[in-house]
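In what follows, a single structure is set out as structure tokens and then discussed.
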Amino acid sequence: YVEWPVCSRQRVLAALRLRRDDAPLDAARLPLLRSMLESVAMAMERLRAAQAQQKYREESRQERYRSNLLRAISHDLRTPLSGIMGTSEMIRDMSAPDDPRGKLAGEIWSDADWLRALVENILSLTRLEDGSLHIQKQPEAVEEIVGSAIAQMERRAPEYEIEAALPEALLMAPMDARLIVQMLINLLDNAVKHTPPGGEIRVEVAVEGDQAVFRVLDRGAGIREEDLPHLFERFYTSSVRRADAQRGIGLGLAICDAIARAHGGAISASNR
């Protein structure tokens, strides 16, 4: 047998096998054979390209359906969650300190608040991915942005005292305030999940070149080295769970990454 490769510019696609006695090749037939092999290679490349394009279209369509479904479900959950949170908060505040119903109402409010944060994260992520959430940058006082995020987080986790270290001079930076606050809340929420009550949690802001750099620091259990490269992937959660670890589905940090990139910035994580 004689084998002739069918090649594209980058790889071997197939091989043509000929019996020596069935098709003796001479100088006159070789150019015709090479021309045939080139035509077969081009046809195979076009077929592969068409298959890849079809696969991409199908994946894009499925991703669009998934995003639309998540967005529709999240919108429908907003109203009942607001009612649950309002009613449970009212029952909790009206209950006596020793009334077990007050504690139960507080737990209901806490679970509903977790679901509300999840809904907001899903809505923000789907909007950022499909381009329907437009970044509206305008100069904002960094001190007010950090203060708003810390105040909201301390209402959700009153057992934690969050510190702030900001530049002495007023720092104005162009940003979409609502999204940056959400990003800081997600980072602080992540710090709270992995830091025992009373542990250090701090927000620092510094000017490095032409950038405002936000840092959220804690003294929690740390991050495994094998988890670090995947922290900002959607739905990624560590396979190792501590007994006191709080629930999460791996969306908060992915949204932080999307918000940072939408502002022309970047985000990273490391152990102290």
Side-chain angles (χ1 to χ4, degrees), residues 74-75 77-125 127 133 140-166 171 173 175-205 212 214-221 242 244-256 258-260 267:
S74 299
H75 274 296
L77 285 174
R78 269 178 160 177
T79 301
L81 280 175
S82 298
I84 292 170
M85 291 180 67
T87 303
S88 59
E89 186 176 22
M90 182 179 63
I91 295 174
R92 181 190 61 188
D93 294 341
M94 293 173 58
S95 301
D98 57 347
D99 189 341
R101 289 174 294 186
K103 180 181 178 181
L104 179 61
E107 293 173 352
I108 293 172
W109 184 91
S110 178
D111 287 343
D113 184 55
W114 179 82
L115 284 173
R116 180 202 57 77
L118 176 61
V119 164
E120 293 299 326
N121 279 338
I122 290 174
L123 284 173
S124 295
L125 185 61
R127 287 169 179 167
L133 183 61
E140 299 283 354
V142 168
E143 180 179 356
E144 294 182 3
I145 299 299
V146 172
S148 176
I150 291 177
Q152 292 185 51
M153 199 64 223
E154 286 184 338
R155 284 198 298 270
R156 293 163 57 177
E159 66 274 22
Y160 291 87
E161 183 175 348
I162 302 172
E163 303 174 356
L166 305 172
L171 177 59
M175 66 180 79
D176 187 312
R178 182 176 60 85
L179 290 178
I180 297 298
V181 168
Q182 182 180 2
M183 180 175 69
L184 289 174
I185 288 175
N186 284 356
L187 294 173
L188 288 170
D189 182 65
N190 193 66
V192 164
K193 288 178 181 178
H194 299 283
T195 302
E200 178 195 10
I201 298 179
R202 189 167 76 254
V203 180
E204 294 181 354
V205 180
F214 294 77
R215 292 187 178 92
V216 175
L217 304 96
D218 63 65
R219 290 291 183 184
R242 304 194 326 272
D244 60 343
Q246 299 185 30
R247 59 192 166 183
I249 65 170
L251 273 181
L253 292 181
I255 290 172
C256 292
I259 292 174
I267 190 169

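No side-chain heavy atom of L253 sits under 4.5 Å from any side-chain heavy atom of N186. By the 4.5 Å heavy-atom criterion applied to side chains, V146 and F214 are counted as neighbours. Taking the side chain as every heavy atom from C-beta outward, L171 and V205 approach each other to under 4.5 Å.
Side chain of E163 to main chain of V203: no donor-acceptor pair is present (N/O by atom type, distance under 3.5 Å, no hydrogens or angles). Y160 places a side-chain N or O within 3.5 Å of a backbone atom of T195 that can act as its donor or acceptor partner.
Here L104 pairs with E107, I108 under the side chain to side chain contact (heavy atoms under 4.5 Å, CB included) rule; sequence neighbours left out. Remark: D218 pairs with no residue by the salt bridge (Lys or Arg N to Asp or Glu O under 4.0 Å) rule, at least two apart or across chains. By the side-chain hydrogen bond (donor to acceptor under 3.5 Å, both in side chains) test, Q182 is found to be paired with N121, S124, residues two or more places apart in sequence or in another chain being considered. In this structure E204 satisfies the salt bridge (Lys or Arg N to Asp or Glu O under 4.0 Å) test together with R202, sequence neighbours excluded. The side chain to side chain contact (heavy atoms under 4.5 Å, CB included) search around P100 returns none, not counting sequence neighbours. Partners of R116 under the salt bridge (Lys or Arg N to Asp or Glu O under 4.0 Å) rule, at least two apart in sequence or in another chain, are D113.
Here the shortest heavy-atom pairing between A164 and I150 reads CB-CD1, 3.9 Å. Minimum interatomic distance between A112 and I84 (heavy atoms only, all atoms of both residues): CB-CG2, 3.9 Å.
For the atom pair CE (M183) and CD1 (I145), the distance works out to 10.0 Å, reported to the nearest 0.5 Å. Atoms CD1 and CG, from I201 and L187 in turn, are 11.5 Å apart once rounded to the nearest 0.5 Å. Rounding to the nearest 0.5 angstrom, the gap separating the CG atom in L179 from the CG atom in L184 is 11.0 Å.
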With side chain to side chain contact (heavy atoms under 4.5 Å, CB included) as the criterion, how do L217 and E200 come out once you've worked through the C-alpha distance, each side chain's angles and the decisive distance to 0.1 Å? CA-CA 8 Å; L217 304 96; E200 178 195 10; 5.6 Å; no
Pair D176-E140, side chain to side chain contact (heavy atoms under 4.5 Å, CB included): steps then yes or no: CA-CA 8 Å; D176 187 312; E140 299 283 354; over 6 Å; no
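Screening residues 143-153 for side-chain hydrogen bond (donor to acceptor under 3.5 Å, both in side chains), with sequence neighbours left out, gives S148-Q152. Applying the side-chain hydrogen bond (donor to acceptor under 3.5 Å, both in side chains) rule to pairs touching residues 80-103 yields D99-R101, sequence neighbours excluded.
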